[in-house]
Amino acid sequence: MATVAGNILQRTRCAYFYDDDGSRCNKRTRGQGCDAIEGFNRMHAILGASSSCVATHPSDMCVALAALGAVIHLQRTDGKRQMAFTDFHCLPQCHPEIETHLAPGELVTAIELPSLSFGARSTYRKVRDRASYAFALISVAAALELDGDAVKDVRIALGGVAHKPWRAWKAEDFLRGQPASVEVFRNAAETELADALALRDNGFKIELAKRSMTAVLMELVEMKA
Ligand code: SF4
């Protein structure tokens, strides 16, 4: 059994975070240090990380919610508020122990998915080490609207790359109005990953993210919506 809010609020699967008997982790104990940065970091972040934390968000569902423009509804005793789902999770910066903008005493009461006219042409691809019971090395959620052979509109989010579900705003801006071709999709992926930084073990994820994004967009071009 699980809940939508539980999925959204799940914590990283960084092994050092869970090893509280010998590993240093800024997310678990503020100011302690981060053993993942110089350690085994194959699953860790390539975008938006900091010198405090290089963990990734483990959710699949959140990646789709980020791509589809979800809105999160929050409530506490003195009122309600809502925010774009893409603003809900935090990048680690100096405070990796703070993972979301959920305030003390606040509840997640609903997730709203605005209708998306081109939502029928959408998909989610998860690249992982095993066929089941494995978190994403890279994942891509995307929706595509075509106008003839050109991209009219597009939504893209990446998982497995950052401390939060990563909306690919740069790639989306790059693609609107461009021909829907493999070369253009690859260039959009290059644009999105231009600031990616590799750790000792996870450099392969940069190329994997570019190829996955390109392949998913081509899949959507060929999809009968
Ligand atoms: S990457 Fe983040 S969660 Fe993992 S050990 Fe470092 S501070 Fe802790």
Side-chain angles (χ1 to χ4, degrees), residues 2-66 72 83-104 106 108 126-130 132-141 157-170 192-210 212-213:
T3 66
V4 170
N7 187 296
I8 291 167
L9 295 170
Q10 67 181 295
R11 309 200 75 186
T12 182
R13 295 307 191 274
C14 174
Y16 300 100
F17 173 68
Y18 290 101
D19 176 24
D20 60 1
D21 187 22
S23 293
R24 295 178 306 148
C25 173
N26 287 321
K27 187 183 287 295
R28 180 167 21 83
T29 307
R30 192 176 162 193
Q32 188 178 51
C34 170
D35 276 343
I37 290 175
E38 300 290 333
F40 182 71
N41 45 42
R42 187 169 182 274
M43 297 292 290
H44 289 71
I46 54 174
L47 289 167
S50 74
S51 58
S52 295
C53 180
V54 291
T56 52
H57 196 274
S59 171
D60 294 308
M61 185 185 72
C62 289
V63 184
L65 292 178
I72 188 163
M83 70 174 72
F85 187 75
T86 47
D87 293 334
F88 182 68
H89 295 93
C90 306
L91 289 175
Q93 297 168 332
C94 301
H95 290 283
E97 76 281 8
I98 300 172
E99 298 177 328
T100 71
H101 291 288
L102 191 70
E106 200 166 37
V108 176
K126 179 177 183 178
V127 183
R128 50 189 169 172
D129 282 325
R130 298 186 302 272
S132 66
Y133 288 99
F135 296 97
L137 292 166
I138 295 290
S139 66
V140 183
L158 302 175
V161 300
H163 199 255
K164 61 183 288 183
W166 188 267
R167 180 76 177 265
W169 301 106
K170 292 179 190 167
E192 190 62 46
L193 274 294
D195 294 330
L197 289 174
L199 300 164
R200 186 192 70 188
D201 301 325
N202 70 354
F204 73 98
K205 291 174 83 169
I206 298 175
E207 179 62 20
L208 186 61
K210 293 174 184 175
S212 299
M213 195 188 304

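Whatever order the structure lists ligands and atoms in, that order sets their numbers, starting from 1.
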key: Donor-acceptor contact below 3.5 Å, side chain Ser59 vs main chain Cys62   =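 Yes: the side chain of Ser59 pairs with the backbone of Cys62.
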message = According to salt bridge (Lys or Arg N to Asp or Glu O under 4.0 Å), who are the partners of Arg42, at least two apart in sequence or on a separate chain?
response = Asp129
key: Sphere of radius 2.8 Å around atom 4 (Fe) of ligand 1 - protein N, O or S atoms inside   =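 Protein N, O or S atoms closer than 2.8 Å to atom 4 (Fe) of ligand 1: Cys14 SG.
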Close approach of Arg28 to ligand 1, heavy atoms, under 4.0 angstrom = no
ask   = Among the heavy atoms of Ser52, does any lie under 4.0 Å from an atom of ligand 1?
value =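 Per 4.0 Å heavy-atom rule, Ser52 contacts ligand 1.
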task = State, without any angle test, whether Trp169 and Glu192 hold a side-chain donor-acceptor pair at a distance under 3.5 Å.
result =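 No - no donor-acceptor pair under 3.5 Å links their side chains.
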request  = In plain terms, say whether Arg11 and Glu99 are close enough for a salt bridge, that is, a side-chain N and a carboxylate O under 4.0 Å apart.
outcome  = yes
query = For the residue pair Phe85 and Phe88, does the interplanar ring angle fall in the parallel (under 30°), tilted (30 to 60°) or perpendicular (over 60°) class?
reply =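 Plane angle under 30°, so parallel.
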ask   = Angle class for the Tyr16/His44 ring planes (parallel below 30°, perpendicular above 60°, tilted otherwise)?
value = tilted
message = Within ligand 1, which atoms have a heavy atom of Arg24 less than 4.0 Å away?
response =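 Numbered from 1, ligand 1 contributes 5 (S).
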request  = Dump the intermediate steps for ring-ring contact (aromatic ring centres under 6.0 Å, His included) on His57 and His163, then the final yes or no.
outcome  = CA-CA 5 Å; His57 196 274; His163 199 255; 8.0 Å; no
